[in-house]
Amino acid sequence: MTTVPVISRSRAFKLIAVGNLVSCTFLAMGILGMLQTKLDETQELLVFTVHPLTAVIWFLIGLVGVAMSIEPRRAQLFLGGAGVLLTLWGILCLLLDGSPNDLFARDPELVALLLVAGVGSILVALAPPVARLDRAFG
(Lines give C-alpha, C1' and ligand atoms only; values in the text may rest on other atoms or scores of the structure.)
Protein backbone atom coordinates (compact mmCIF):
# COMPACT_ATOMS: atom_id res chain seq x y z
CA MET A 1 0.00 0.00 0.00
CA THR A 2 1.48 3.33 -1.04
CA THR A 3 0.84 6.48 0.88
CA VAL A 4 0.44 9.84 -0.77
CA PRO A 5 2.39 12.64 0.91
CA VAL A 6 0.26 15.06 2.86
CA ILE A 7 -0.26 18.48 1.33
CA SER A 8 0.18 21.23 3.91
CA ARG A 9 -2.42 23.96 4.33
CA SER A 10 -0.22 26.60 2.71
CA ARG A 11 0.56 24.38 -0.29
CA ALA A 12 -3.13 23.46 -0.62
CA PHE A 13 -4.04 27.15 -0.57
CA LYS A 14 -1.43 27.92 -3.23
CA LEU A 15 -2.56 25.05 -5.50
CA ILE A 16 -6.23 25.99 -5.27
CA ALA A 17 -5.58 29.74 -5.67
CA VAL A 18 -3.35 29.35 -8.73
CA GLY A 19 -5.68 26.70 -10.19
CA ASN A 20 -8.61 29.10 -9.84
CA LEU A 21 -6.61 31.99 -11.30
CA VAL A 22 -5.53 30.03 -14.38
CA SER A 23 -8.90 28.39 -14.94
CA CYS A 24 -10.98 31.54 -14.46
CA THR A 25 -8.69 33.53 -16.74
CA PHE A 26 -8.96 31.00 -19.56
CA LEU A 27 -12.69 30.46 -18.98
CA ALA A 28 -13.39 34.19 -19.28
CA MET A 29 -11.12 34.57 -22.31
CA GLY A 30 -12.72 31.51 -23.91
CA ILE A 31 -16.23 32.87 -23.45
CA LEU A 32 -15.24 36.32 -24.74
CA GLY A 33 -13.34 34.73 -27.62
CA MET A 34 -16.28 32.57 -28.66
CA LEU A 35 -18.62 35.56 -28.52
CA GLN A 36 -16.18 37.75 -30.46
CA THR A 37 -15.34 35.22 -33.18
CA LYS A 38 -18.87 33.79 -33.38
CA LEU A 39 -16.98 30.51 -33.95
CA ASP A 40 -16.58 31.60 -37.56
CA GLU A 41 -13.48 33.74 -38.16
CA THR A 42 -10.36 34.95 -36.39
CA GLN A 43 -10.78 38.22 -34.49
CA GLU A 44 -8.83 40.52 -32.19
CA LEU A 45 -9.67 40.15 -28.50
CA LEU A 46 -8.04 42.81 -26.34
CA VAL A 47 -4.43 42.40 -27.51
CA PHE A 48 -4.68 38.75 -28.61
CA THR A 49 -5.45 37.29 -32.00
CA VAL A 50 -8.12 34.66 -31.34
CA HIS A 51 -8.89 31.80 -33.70
CA PRO A 52 -12.34 30.21 -33.09
CA LEU A 53 -10.74 26.90 -32.10
CA THR A 54 -8.43 28.75 -29.71
CA ALA A 55 -11.47 30.22 -27.96
CA VAL A 56 -13.08 26.79 -27.62
CA ILE A 57 -9.87 25.27 -26.21
CA TRP A 58 -9.52 28.14 -23.71
CA PHE A 59 -13.14 27.62 -22.67
CA LEU A 60 -12.59 23.89 -22.14
CA ILE A 61 -9.38 24.46 -20.16
CA GLY A 62 -11.21 26.95 -17.96
CA LEU A 63 -14.22 24.71 -17.48
CA VAL A 64 -12.11 21.71 -16.48
CA GLY A 65 -9.98 23.90 -14.22
CA VAL A 66 -12.95 25.40 -12.37
CA ALA A 67 -14.25 21.90 -11.70
CA MET A 68 -10.88 20.54 -10.57
CA SER A 69 -9.58 23.48 -8.55
CA ILE A 70 -11.76 22.84 -5.52
CA GLU A 71 -9.48 20.22 -3.99
CA PRO A 72 -5.65 20.46 -3.73
CA ARG A 73 -4.75 17.14 -5.38
CA ARG A 74 -7.10 17.75 -8.30
CA ALA A 75 -5.85 21.32 -8.63
CA GLN A 76 -2.31 19.94 -8.77
CA LEU A 77 -3.31 17.52 -11.55
CA PHE A 78 -5.06 20.30 -13.45
CA LEU A 79 -2.08 22.65 -13.15
CA GLY A 80 0.33 19.96 -14.30
CA GLY A 81 -1.77 18.95 -17.31
CA ALA A 82 -2.79 22.46 -18.31
CA GLY A 83 0.78 23.65 -17.81
CA VAL A 84 2.17 21.05 -20.19
CA LEU A 85 -0.57 21.75 -22.77
CA LEU A 86 -0.14 25.54 -22.63
CA THR A 87 3.67 25.37 -22.71
CA LEU A 88 3.67 23.04 -25.73
CA TRP A 89 1.11 25.26 -27.43
CA GLY A 90 3.28 28.33 -26.85
CA ILE A 91 6.39 26.56 -28.15
CA LEU A 92 4.52 25.36 -31.25
CA CYS A 93 3.35 28.92 -31.88
CA LEU A 94 6.99 30.02 -31.86
CA LEU A 95 8.25 27.16 -34.02
CA LEU A 96 5.48 26.96 -36.62
CA ASP A 97 5.31 30.70 -37.30
CA GLY A 98 1.63 30.58 -38.24
CA SER A 99 -0.32 33.42 -39.74
CA PRO A 100 -2.79 35.32 -37.54
CA ASN A 101 -5.60 33.16 -38.99
CA ASP A 102 -4.02 29.91 -37.75
CA LEU A 103 -4.48 28.06 -34.47
CA PHE A 104 -0.74 28.41 -33.83
CA ALA A 105 -0.51 32.13 -34.57
CA ARG A 106 2.81 33.77 -33.79
CA ASP A 107 1.25 36.62 -31.87
CA PRO A 108 3.78 37.83 -29.24
CA GLU A 109 1.13 38.57 -26.63
CA LEU A 110 -0.54 35.21 -27.16
CA VAL A 111 2.77 33.35 -26.97
CA ALA A 112 3.68 35.22 -23.79
CA LEU A 113 0.32 34.37 -22.19
CA LEU A 114 0.62 30.69 -23.10
CA LEU A 115 4.21 30.34 -21.92
CA VAL A 116 3.78 32.30 -18.67
CA ALA A 117 0.57 30.46 -17.75
CA GLY A 118 2.04 27.10 -18.78
CA VAL A 119 5.42 27.35 -17.10
CA GLY A 120 3.89 29.00 -14.02
CA SER A 121 1.32 26.22 -13.71
CA ILE A 122 3.99 23.53 -13.99
CA LEU A 123 6.16 25.23 -11.37
CA VAL A 124 3.32 25.55 -8.89
CA ALA A 125 2.18 21.96 -9.50
CA LEU A 126 5.63 20.40 -9.16
CA ALA A 127 7.58 22.74 -6.89
CA PRO A 128 8.39 21.27 -3.50
CA PRO A 129 6.80 23.05 -0.55
CA VAL A 130 8.86 25.79 1.04
CA ALA A 131 9.43 24.87 4.70
CA ARG A 132 9.41 28.47 5.92
CA LEU A 133 6.01 29.14 4.30
CA ASP A 134 4.62 25.90 5.66
CA ARG A 135 5.54 26.96 9.19
CA ALA A 136 4.10 30.43 8.68
CA PHE A 137 0.70 29.25 7.40
CA GLY A 138 0.49 26.08 9.46
Side-chain angles (χ1 to χ4, degrees):
M1 181 175 179
T2 61
T3 59
V4 180
V6 176
I7 295 178
S8 67
R9 280 185 18 197
S10 65
R11 178 135 168 85
F13 175 77
K14 183 173 32 170
L15 288 167
I16 290 172
V18 173
N20 281 323
L21 176 69
V22 170
S23 62
C24 289
T25 299
F26 281 99
L27 181 63
M29 289 183 60
I31 291 170
L32 291 173
M34 288 189 300
L35 290 172
Q36 186 73 25
T37 63
K38 298 178 183 81
L39 298 178
D40 187 33
E41 59 186 35
T42 302
Q43 295 287 325
E44 284 289 321
L45 174 67
L46 304 173
V47 296
F48 305 107
T49 302
V50 180
H51 186 274
L53 190 55
T54 299
V56 171
I57 293 170
W58 284 349
F59 176 74
L60 293 175
I61 289 171
L63 202 60
V64 168
V66 166
M68 290 186 74
S69 293
I70 57 172
E71 197 268 323
R73 294 256 181 243
R74 291 180 182 174
Q76 187 174 26
L77 286 173
F78 165 70
L79 288 171
V84 168
L85 176 73
L86 294 171
T87 302
L88 288 176
W89 191 356
I91 291 170
L92 285 173
C93 286
L94 285 174
L95 295 178
L96 296 178
D97 194 22
S99 71
N101 292 329
D102 292 338
L103 178 63
F104 299 108
R106 193 172 192 174
D107 183 10
E109 292 86 4
L110 177 63
V111 171
L113 171 74
L114 294 172
L115 290 177
V116 167
V119 172
S121 294
I122 291 171
L123 289 177
V124 170
L126 300 179
V130 179
R132 184 187 277 166
L133 287 177
D134 285 341
R135 285 193 304 267
F137 292 111

Return all side-chain donor-acceptor pairs below 3.5 angstrom for residues 24-37, not counting sequence neighbours, or 'none' if the list is empty.
unit_1 : atom_1 : unit_2 : atom_2 : d
Thr25  : OG1    : Leu21  : O      : 2.7
Thr37  : OG1    : Gly33  : O      : 2.9
Thr37  : OG1    : Leu39  : N      : 3.2

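Hydrophobic clustering (ILVMFWY, side-chain heavy atoms < 4.5 Å, transitive): Leu79 and Met68 are in one cluster. Under the 4.5 Å side-chain contact rule for hydrophobic residues, Val18 and Leu126 do not share a cluster. When hydrophobic clusters are built by joining Ile, Leu, Val, Met, Phe, Trp and Tyr residues whose side-chain heavy atoms come closer than 4.5 Å, directly or via intermediates, Trp58 is grouped together with Val64. Linking ILVMFWY side-chain heavy atoms closer than 4.5 Å, directly or via other members, places Ile122 and Leu94 in two distinct hydrophobic clusters. Residues Leu53 and Leu113 fall within the same hydrophobic cluster, defined by Ile, Leu, Val, Met, Phe, Trp and Tyr side chains chained together at heavy-atom separations under 4.5 Å.
Summarising the geometry of Val111 relative to Gly90, their closest heavy-atom pair is CG1-O, 4.0 Å, with the distance given to 0.1 Å. Scanning both residues, Ala75 and Ser69, for their nearest heavy atoms gives CB-CA, 4.0 Å. Nearest heavy atoms, Gly118 versus Leu86: CA-CB, 3.8 Å.
Judged purely by atom type and a 3.5 angstrom limit, Ser23 uses its side chain to pair as donor or acceptor with the backbone of Asn20.
Side chains of Leu115 and Ile91 form a contact here, defined as non-hydrogen atoms less than 4.5 Å apart. Using a 4.5 Å heavy-atom threshold, the side chains of Leu15 and Val124 count as touching. Residues Asp40 and Pro52 form no side-chain contact, since every pair of their non-hydrogen atoms from C-beta on lies 4.5 Å or further apart.
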